[in-house]
Visitor: 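My questions all concern the structure below.
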Amino acid sequence: MCGELRAEDAGQDVVLMGWVNRRRDHGGLIFLDLRDRSGIAQIVVDEKVTAAHAKADAARPEFVIAVKGRVRRRGAGLDNPNMPTGEIEVVASKLLLLNDARTPPFSPAEDAIANEEVRLKYRYLDLRRTEMQANFALRSRVAMAIRNYLVSEGFLEIETPFMTRSTPEGARDYLVPSRVHPGNFYALPQSPQIFKQILMVSGFDRYFQIARCFRDEDLRADRQPEFTQIDLEMSFPQMDNIFRVAEGFLTAAFAAAGIALTTPFVHMTYDEAIKNYGIDKPDMRLPAMVSLSDILTPELRTALKIEQSLPVLGFVIPNVGELSGTARKSLLGEVRAGFGDCGLDLLDVVRLRTNATFAPLADAISAALAASLGVPALSAADLITVVTPKLGTPAMWNYDPQWIYKRVGALRLELGAKFADKHGLFAKTGTAADFKFAWVTDFPMYEWNEETKTWDAAHHPFTSPHEDDIQAGRLTTDKGAVRALAYDVVLNGNELGSGSIRIHRKDVQAEIFRSLGMTDEEAHERFGFFLDALEYGTPPHGGIALGLDRIVMILAGATSLREVIAFPKTARAIDLMVDAPTPATPQQLRELHLRTVTRT
RNA sequence: GGGGACGUAGCUCAGUUGGUUAGAGCGCUGCCCUGUCACGGCAGAGGUCGCGGGUUCGAGCCCCGUCGUCCCCGCCA
């Protein structure tokens with residue numbers, strides 16, 4: 001292979017095949033950079049080797065060629081230290097043009113990359129680029145490391161169907177019409193959830209699958225309509241078993257990328273995540289939020305027109321550099337504009353300090369924030385942000401007491417991103433320090449849906465509630481307080497995966513369905529087969545599913561899943577290369593008993 | 001469904017306050033070149049300024065609509 005040749009291979013006869021990466025024509029002497037999956041090697045073609053020289057003369061970028069020749073140590077001063085193969089070259093004795101190539105719309109050899117529309121349309125050219133080749137080599141290694149780890153831990157890989165019935169993740173399904181059963185549809189799985197639970201009932205006490213999942217929802221940089229999960233389930237697990245397995249395969253996966261993780265990961269409850277980070281997937285590379293409520297005494301609150309009963313939150317974005325007065329004011333204005341009229345305001349700590357009455361408050365805030373960072377004092381280069389609730393509580397706070405934490409948490413992330421170049425906390429060192437993992441536990445079981453005025457399952461309806469909450473009868477009396485045995489694994493503000501201990505008793509499962517407003521008839525209609533299965537000796541079980549695409553994306557240092565999915569879709573769920581989706585032919589529609597309508 | 005950014009040569013982009021024939025780099029084509037490696041030199045080709053409409057004596061530039069790509073909210077674990 002081209003990229004593997006080194007000085008010690010000098011003298012060997014080789015046959016190389018690949019693509020012309022670049023051609024440097026000196027007339028009597030032609031250099032070809034030959035590229036294959038392993039890398040690039042320089043081919044020298046002398047005009048004395050007449051036939052080969054004529055072929056090299058005709059060769060153009062992206063032609064596919066075969067070269068027979070001898071590896072030679074380059075002469076003094078001719079090495080190229082920028083290439084792994086820079087100490088050698090291959091002197092061609094014979095050269096074949098295996099295939100020509102049209103001039104490509106963009107060059108896979110270029111460093112500058114074309115716009116994404118063109119890249120996706122000519123995806124095969126884009127995938128030839130060294131960077132993309134590396135991403136998919138990484139993806140393959142990561143997947144293999146995970147397989148090896150799970151198999152070594154006694155997990156069995158079992159496939160589950162793509163053509164199935166709707167599973168209850170709460171996203172829109174992709175439907176597949178049945179030809180044989182007019183008017184009936186299969187659904188593509190949003191996850192193998194029910195099947196893996198049934199596999200536990202079936203006695204496969206450790207299952208895993210690297211499974212494709214499908215969800216018909218709008219896309220994001222980190223969301224594609226089809227994506228791959230590392231899905232696993234265990235019988236008789238304690239939560240700690242599942243954490244250990246997940247940490248184990250993540251460690252194996254990161255090792256495949258040359259990163260040595262330390263386990264166990266940090267643990268925090270959902271409530272702690274919200275209080276400290278304002279979000280259930282905290283990015284712990286930035287300092288946490290700090291409650292300044294106690295420092296803001298009733299007198300100070302009155303003087304500063306701050307609501308008495310609500311929290312005052314502060315956080316530091318370190319090392320953004322000292323802001324000039326105008327820069328500070330414009331930042332304040334920007335943030336206040338971002339708040340809209342949500343009842344929040346910023347305290348200008350720098351200005352407080354110039355006022356004799358409030359100077360002690362400014363000092364106390366700085367001291368509290370410094371203490372939270374574990375430093376003796378903040379520097380003038382650290383950006384202090386203090387958010388206060390204005391007098392008069394907006395209505396939206398009534399049904400979501402966490403709202404203020406979430407809004408301040410969002411601001412923390414916004415400012416963290418805005419000053420990323422300054423604080424450098426997102427910079428890559430290539431070590432485990434770049435990756436801040438956490439387990440978030442004790443998620444709420446139910447979520448209030450303001451639109452439909454109902455309680456929905458926050459995770460999915462097979463998640464077991466805390467035993468205490470069942471005993472206390474909260475399933476009916478106080479749904480908002482019920483905690484689920486559900487957990488997420490979070491990395492640098494990305495949700496990598498989530499799982500739960502499942503319900504394994506039919507009576508509990510039936511009660512949960514009822515508590516979600518489903519009648520027994522409805523539950524039976526949708527999940528009857530599953531409720532039946534629970535009656536035939538179901539072991540306690542639980543599991544987790546992690547997004548393989550997201551893991552690889554983060555390891556590849558990419559910011560979009562499209563960089564690690566070979567044939568991804570655009571933000572409007574279109575495949576620009578094959579041009580899908582397309583209309584069905586009248587005959588296809590007839591066979592499927594379908595008719596299309598145009599909505600006006 | 002909503003908000004934002006972008007759309008000019010094959011690619012990356014510039015294009016002033018609306019003013020003559022729309023530019024650059026890379027790529028491409030031809031010729032020259034035996035030590036280049038982002039080779040170099042000379043010459044050349046290449047444009048529906050996303051599309052449609054409007055304003056104007058005149059539109060790449062202003063207005064309206066529309067299409068596409070990306071990012072975000074909603075939605076989605």
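Keep in mind that the numbers below use all heavy atoms, side chains included, and drop hydrogens, waters and symmetry copies. Quick note on labels: first sequence line is chain A, next is B, and so on, each numbered from 1.
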Visitor: Check every strand shown and say whether A:E495 touches a base, only sugar-phosphate, or nothing at a heavy-atom separation below 4.0 Å.
Guide: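 Since a base atom lies under 4.0 Å of A:E495, the category is base.
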Visitor: Name the nucleic acid region contacted by A:N494, choosing base, sugar-phosphate or nothing; use a 4.0 angstrom heavy-atom cut-off, strictly under.
Guide: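 Counting heavy atoms under 4.0 Å across all strands, no contact is made by A:N494.
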Visitor: Could you please name the partner base of B:C75, counting Watson-Crick and G-U wobble pairs only when both distances are under 3.5 Å?
Guide: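 By the stated definition (distances under 3.5 Å), nothing pairs with B:C75.
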Visitor: Indicate, with a heavy-atom threshold strictly under 4.0 Å, whether A:R572 touches base, sugar-phosphate, or nothing.
Guide: sugar-phosphate
Visitor: Indicate, yes or no, whether a donor-acceptor pair under 3.5 Å links the base of B:U69 to the side chain of A:N115.
Guide: no
Visitor: Taking the nucleotide of RNA chain B with the closest heavy atom to each, which residue, A:D280 or A:T559, is nearer the 5' end?
Guide: A:T559
Visitor: A:R35 near the nucleic acid: base, sugar-phosphate alone, or nothing, with a heavy-atom cut-off under 4.0 Å?
Guide: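 Nothing: the residue A:R35, judged by heavy atoms under 4.0 Å, touches no strand.
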Visitor: For A:R119, report the nucleic acid contact type (base, sugar-phosphate, nothing); a contact means any heavy atom under 4.0 Å.
Guide: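 Result for A:R119 = nothing.
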Visitor: Which part of the nucleic acid, if any, lies within reach of A:S107 when heavy atoms closer than 4.0 Å are counted: base, sugar-phosphate only, or nothing?
Guide: nothing
Visitor: Looking at every strand, decide which applies to A:E117 at a 4.0 Å heavy-atom threshold: base, sugar-phosphate, or nothing.
Guide: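 Sugar-phosphate only.
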Visitor: Paired with B:A5: which nucleotide, if any, by Watson-Crick or G-U wobble criteria at under 3.5 Å for both distances?
Guide: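 When the pairing criteria are applied, B:U69 turns out to be the nucleotide that pairs with B:A5.
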Visitor: Can you tell me the pairing partner of B:A24 across any strand shown, Watson-Crick or G-U wobble, with both distances under 3.5 angstrom?
Guide: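 Base partner found: B:U12.
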Visitor: Return whichever of A:F106 or A:E110 has its heavy-atom-nearest nucleotide of RNA chain B closer to the 5' end.
Guide: A:F106
Visitor: Please classify the nucleic acid contact of A:E62 as base, sugar-phosphate, or nothing, using heavy-atom distances under 4.0 Å.
Guide: nothing
Visitor: Pick base, sugar-phosphate or nothing for A:K121, based on heavy-atom distances below 4.0 Å to the nucleic acid.
Guide: nothing
Visitor: Base, sugar-phosphate or nothing for A:A458? Non-hydrogen atoms, less than 4.0 Å.
Guide: base
Visitor: Side chain of A:L29, heavy atoms from C-beta onward: which of B:G35, B:A38, B:C70 has the nearest atom to it?
Guide: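 Selected nucleotide: B:G35.
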Visitor: For A:D25, answer base if it contacts any base atom (sugar-phosphate contacts may also be present), sugar-phosphate if it contacts only those atoms, and nothing otherwise; contact means non-hydrogen atoms under 4.0 Å.
Guide: base
